[in-house]
Amino acid sequence: MAKHSLTDLALFGGPAAFSSPVYVGRPNIGDREALLARLSHILDRRWLTNDGEFLREFERRIAAFVGTAHCVAFCNATIALEQLLEVLDLEGEVILPSFTFVASAHAVVRQRLTPVFCDIEPATHNLDPACVEALITSRTAAILGVHLWGRACDVDALTDIADSIGVPLVFDAAHAFGSTLLGRRAGSFGMAEVFSFHATKFVNTFEGGAVTTNDSRLAEKLRLSRNFGFVDYDAVATLGTNGKMSEIAAAMGITSLDSLDEFIAVNRANHETYVRALTAVNGIRIVSGDDAVRTSNLQYVAIEVEPSCPLSRDALYAILHAENVIARRYFYPGCHNLEYYRGRHFPIGPMPHTDAAAQRVLCLPTGTTMTTEDIGRICDVIRVAVEHGPEVMQRAASGAAIA
Ligand code: T4K
């Protein structure tokens, strides 16, 4: 029999493997002609970076969209987060989730603050306010929430906690541009929020990030800090770095913003296709939200492979990769279990939900590069793999498949 797929899922009625890899995080490219026209404009103007026209336009549009007084764009979200923590002038501990991209934790440590890893709510994968409360000490300097998968944290509960001890509440909103909580846009919560516009984000600037805030002094400090602390040609008033966003990045950002509604509509349609196809698959849960409370831009399709599934998450991951579906185990194994953090004995609360999520979550491809047929095929791989998991794995173990 002809080999149809790398794991021979065809033997069990499954689809043929993808002939080339399909990836999580494929960038959305908006109107190419409009982007090229903007690039041409940049070259004509010979203004490539340092507070250029496109940067200003990008910042104005982000602030207006989010509903904040200020947006300060950066070269990426990691530097933006670091600079935000720096200008807040903190000392001590920052409570944050462990189930996040390592940049959230690194930003804290690189500012010589102590990360205190906190557990998450199992349904949303966001900081659990009750766990945050349990981790507060006299050294707590800030709370850093992460709106994971683009779904906003329990902002009210976290605000109450932060206010009750008088520390700033800030958000890593890297995933959450365009998302809402009770009608308010992410970016407008807490003292400040940080977006990522990395290539893998549905609105991208190649590399980029931004802080949004209503605090004018904070915004001013951030503007200085991203440009070496310069207040005038020859005057440096504060410590700073080079965190600037280039014109080419801002041009890409503006072009992305022009297609925002289309990108979200595509993500929504893709998500619905996944939900329809996977709901009946034994032990697969799609991480979703209650749209009446919080909407997501749906740039991540995260599934949980639950204990009731006949196949482990890692076995499904191996099968998907063998089928050329490059799913990702975001955010395995959780920051507190990464080699760098494990050896340093930072404070940590009980982590049952973080550890469970880290063992169960898989992110699947979405975005404008994916067709409905592609997604149907990925879901067929998952369905057949789950239905025939033990046999597929047995063949794999005997060397018959998964080359
Ligand atoms: N906070 C949170 C919660 C975050 O998730 C992130 C970043 C940050 C903060 C920091 O934001 P930035 O400083 O990056 O602005 C990727 C992204 O690089 C990272 O931005 C993102 N989160 C993270 C979740 O995903 P990796 O290590 O997975 O990258 P990589 O190279 O493996 O690429 C991811 C996938 O995207 C692959 O399947 C390939 C595909 N890809 C990637 C790029 C860059 C493309 O198809 N084309 C491309 O150009 O981190």
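Atoms considered below: every heavy atom in the structure, side chains included; atoms not considered: hydrogens, waters and symmetry mates. Note that ligands are numbered from 1 as they come in the structure, with each ligand's atoms numbered from 1 the same way. These numbers come from a predicted model, not from an experiment.
Using a 4.0 Å cut-off to heavy atoms of S104, the atoms of ligand 1 that qualify are 1 (N). Distances below 4.0 Å separate heavy atoms of A103 from the following atoms of ligand 1: 8 (C), 9 (C), 10 (C). Of all atoms in ligand 1, listed by their number and element, those nearer than 4.0 Å to a heavy atom of G208 are 15 (O). Close approach of ligand 1 to Y23 is summarised as follows: ligand atoms under 4.0 Å from at least one heavy atom of the residue are 38 (O). Taking every non-hydrogen atom of S196 and a distance limit under 4.0 Å, the qualifying atoms of ligand 1 come out as 11 (O), 12 (P), 15 (O). Counting the atoms of ligand 1 from 1 in the order shown, those under 4.0 Å from a heavy atom of G25 are 36 (O), 40 (C), 41 (N), 45 (C), 46 (O).
The shortest heavy-atom distance from D172 to ligand 1 is under 4.0 Å. At least one heavy atom of F331 sits closer than 4.0 Å to an atom of ligand 1. Residue contacts with ligand 1 include P27, since one of its heavy atoms falls under 4.0 Å from the ligand. The closest approach between a heavy atom of P365 and any atom of ligand 1 is not below 4.0 Å.
Side-chain atoms of T137 and E93 include a donor-acceptor pair closer than 3.5 Å. Side-chain atoms of E193 and H147 form a donor-acceptor pair, as typed in the model, at a separation below 3.5 Å. Judged by distance alone, the side chains of T354 and D119 do bring a donor and an acceptor atom under 3.5 Å apart. For the residue pair D258 and T255, no side-chain donor N or O sits within less than 3.5 Å of a side-chain acceptor on the partner.
Contacts with ligand 1 closer than 4.0 Å are made by no heavy atom of F99, backbone or side chain. With a 4.0 Å cut-off on non-hydrogen atoms, E207 does not touch ligand 1 at all. Looking at T78 against ligand 1, both its backbone and its side chain come within 4.0 Å, counting heavy atoms.
Using a distance-only test at 3.5 Å, with no hydrogens or angles considered, no donor-acceptor pair links the side chain of Q359 to the main chain of R313. Side-chain N or O atoms of E247 include one that pairs as donor or acceptor with a backbone N or O of L55 at under 3.5 Å. N126 places a side-chain N or O within donor-acceptor distance of the main-chain N or O of A152, the cut-off being under 3.5 Å.
F101 CD2, 3.3 Å is the protein heavy atom nearest to atom 6 (C) of ligand 1. Of all protein heavy atoms, the one lying nearest to atom 33 (O) of ligand 1 is R328 NH1, 4.0 Å. For atom 39 (C) of ligand 1, the closest non-hydrogen atom on the protein side is V24 O, 3.8 Å. Protein heavy atom nearest atom 5 (O) of ligand 1, with residue, atom name and distance: H175 NE2, 2.7 Å. Atom 18 (O) of ligand 1 has its closest protein heavy atom at H198 CE1, 3.0 Å. Nearest to atom 46 (O) of ligand 1 among the protein's heavy atoms is R26 NH1, 2.8 Å. Nearest to atom 28 (O) of ligand 1 among the protein's heavy atoms is Y330 OH, 2.5 Å. The shortest contact between atom 42 (C) of ligand 1 and any protein heavy atom is with T200 CG2, 3.7 Å.
Inclusion of A77 in the set of residues having an N or O under 3.5 Å from an N or O of ligand 1 is warranted. For the pair T100 and ligand 1, the shortest N or O to N or O distance does not fall below 3.5 Å. In terms of polar-atom proximity, defined here as any N/O pair under 3.5 Å, Y300 makes no such contact with ligand 1. Checked against a 3.5 angstrom limit, the closest N/O atoms of L148 and ligand 1 fall outside it. At under 3.5 Å, a nitrogen or oxygen of K201, whether backbone or side chain, sits near a nitrogen or oxygen of ligand 1.
Ring planes of F195 and F177: perpendicular class, angle over 60° (limits at 30 and 60°). Aromatic ring pairs are classed by plane angle as parallel below 30°, tilted from 30° to 60° and perpendicular above 60°; the pair F230 and F228 is perpendicular. Ring pair H175/Y300 is tilted by interplanar angle, where 30° to 60° counts as tilted.
By the 4.5 Å heavy-atom criterion applied to side chains, S188 and T212 are not counted as neighbours.
Look at D380 and R377 and you find no salt bridge, because none of the NZ, NE, NH1 or NH2 atoms lies under 4.0 Å from a carboxylate O. A salt bridge does not link K221 to D89: none of the charged nitrogens lies less than 4.0 Å from a carboxylate oxygen.
Of all heavy-atom pairs spanning A302 and W149, the tightest one is CB-CE2, 3.8 Å.
Taking the six-membered ring for Trp and the full ring otherwise, the centers of Y341 and H106 sit less than 6.0 Å from each other.
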